[in-house]
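Data block below; observations after.
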Number of protein chains: 2
Amino acid sequence: MKSEKISEAVVRRLPVYLRYLNDLNKREVATVSSQELGQKLDLNPAQIRKDLAYFGDFGRKGIGYDVSYLIEKIRHILNLDQQINAVLVGAGNLGHALSNYNLYLRENIKIVAVFDENPKKIGTRISTLTVQPMDEISDTIKSKNIRIGIITVPDVEAQNVADRLIASGIEAILNFAPTILKAPASIRIHAADFTTDLLSLAYYLDNGKDESADDREHEDK
Amino acid sequence: MKSEKISEAVVRRLPVYLRYLNDLNKREVATVSSQELGQKLDLNPAQIRKDLAYFGDFGRKGIGYDVSYLIEKIRHILNLDQQINAVLVGAGNLGHALSNYNLYLRENIKIVAVFDENPKKIGTRISTLTVQPMDEISDTIKSKNIRIGIITVPDVEAQNVADRLIASGIEAILNFAPTILKAPASIRIHAADFTTDLLSLAYYLDNGKDESADDREHEDK
DNA sequence: TAGATTGTTAATCGATTAACAATC
DNA sequence: TAGATTGTTAATCGATTAACAATC
């Protein structure tokens, strides 16, 4: 274990490890090697070992990693050994989809409030929650100890919503709107806009040309 | 313009440029510099110039980039100067959200079919489309010239769906399920799973410690 | 002409991968 | 002991940024 700065790339892989480890755990697999992890997750085993070694000596030479011990450790690193409360702003289709995902999420992040500025939506239900008006946002964030904000409002409102979340003391934001949010450096913002993903995917479409020459080698399944 | 290999990082920024350029265009701004783009998009101006220079000499020294010309060029690079058809598999909440997003998307990617394996969902409507049974997937992909697959089915079914999409000749996949899909190297796959984003966000939450010492400098709005 | 800004080369920075001693 | 696999250092690879000549 060293105390270098941990890069974002490393942090983003931790949930991926966690997910597969949970899988193994369910199947009652006791230990796993970086080699096997690498194969399943399409990652270099050395990278996995290095990633984990930033946080501690979790493995055993000649053996590998104990699955449930590693789960415990990664959950701790990600702050998931406590319940983390989140708020959803924007009760549109995407908001609905996300709050229902709540149920699937075995990890400790929980959406505990939903807001929308549309008077027609206020008071309606989204899974187990009631949509609240925007002017209650600050009080609710404080009283319910909400630390993460999820923004699913339209484009133009996203910055405004972010400002209000930040003013109310939120620490991190997951932003589904296709906007680059401006915020203090102390606020962590992740862009989750899938239109960017989708458009960049189009770049890789094979455009006419010589189809026959383009059969590349296949990875094994 | 050179013909080096274009990295994925570069390609992923193109839609971001495009989005802001469309904005400028709507506001009838005629030219923009890499400096201004950089400021708005939180990117280094040199990086933006370099990204664009991979594809051609789009700017004018001393002037900057012509907004509508650059839009045209980026749309061409991303294959968006033609309609690209996509299929959605999984008519759950997230599927609903995505197909409605269709309407918002000004760009040329269009969801033209929706599939689900649940008999109760087959025949129901999702925006303007009727949910079709899975066994029609191959025929529809071929007859409607569908090139991108969007997977919004549960975790365990994702690989199976991907295999069917690939067997039917799809070229690229946007995968919302939290699974690492295995596929031939010729198929482009982008992971769009937001649980990964959300969990990695939790890492950055400030855990107790000394709150008062943690007020860092603010970027300007 | 003077000021602005590109396209591009070179320098820097950071992330990934290979290799291997340590050790279970 | 022999085989397996970690943690870590060193080598490699790739991406970002700085700097600046070219030129509008």
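The figures that follow rest on heavy atoms only: side chains count, while hydrogens, waters and symmetry mates do not. Numbered from 1 within each chain, the chains take letters A, B, ... in sequence-line order.
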B:Q47 side chain to B:D51 side chain, donor-acceptor N/O pair below 3.5 angstrom: no
Over 12 foreign heavy atoms within 6.0 Å of CZ, A:R60: no
Whole-Å gap separating P (D:dT6) and CD (A:E36): 11 Å
C:dA15 phosphate, OP1 or OP2, under 4.0 Å from A:S7 side-chain N/O: yes
Over all atoms of both residues, closest heavy-atom pair of A:P178 and B:R19: O-NE, 3.0 Å
d(CG, A:L70; C1', D:dG7) in whole Å: 14 Å
Any-strand Watson-Crick or G-U partner of D:dA4, both distances under 3.5 Å: C:dT23
Length of the line joining A:F55:CZ and D:dG7:C1', which is rounded to integer Å: 15 Å
B:Q35 CD to D:dA18 C1', straight-line distance once rounded to whole Å: 14 Å
Below 4.0 Å: OP1/OP2 of D:dG7 and any side-chain N or O of A:Y65: yes
N/O (side chain, A:S34) to phosphate O (OP1/OP2, D:dT5) under 4.0 Å: no
Selection from D:dT17, C:dT6, D:dG7 that lies nearest to any side-chain heavy atom of B:K50: D:dT17
Sugar-phosphate, base or nothing in reach of A:R60, heavy atoms under 4.0 Å: sugar-phosphate
Lys/Arg N to Asp/Glu carboxylate O, A:R164 vs A:E157, below 4.0 Å: no
Residue A:D57, side-chain atoms from C-beta onward, closest of C:dT6, D:dT16, D:dT8: D:dT8
Residue-phosphate contact under 4.0 Å: B:R49 side-chain N/O, C:dT6 OP1/OP2: yes
N/O (side chain, A:R13) to phosphate O (OP1/OP2, C:dT16) under 4.0 Å: yes
Base paired to C:dA15 (Watson-Crick or G-U; both N/O distances under 3.5 angstrom): D:dT12
Nucleotide nearest A:K61 (side chain, heavy atoms from C-beta), chosen from D:dA22, D:dT5, D:dT8: D:dT5
Nearest-nucleotide comparison on DNA chain C, the residue closer to the 5′ end among A:Q47 and B:G64: B:G64
Interatomic distance where OH belongs to A:Y54 and P belongs to C:dG14 [whole Å]: 12 Å
Upstream residue (5' side of DNA chain C) when A:N44 and A:G62 are each assigned their closest nucleotide: A:N44
A:Y20 vs A:E36, side-chain hydrogen bond (donor to acceptor under 3.5 Å, both in side chains): CA-CA, chis, key distance, verdict: CA-CA 11 Å; A:Y20 184 63; A:E36 190 199 329; 3.3 Å; yes
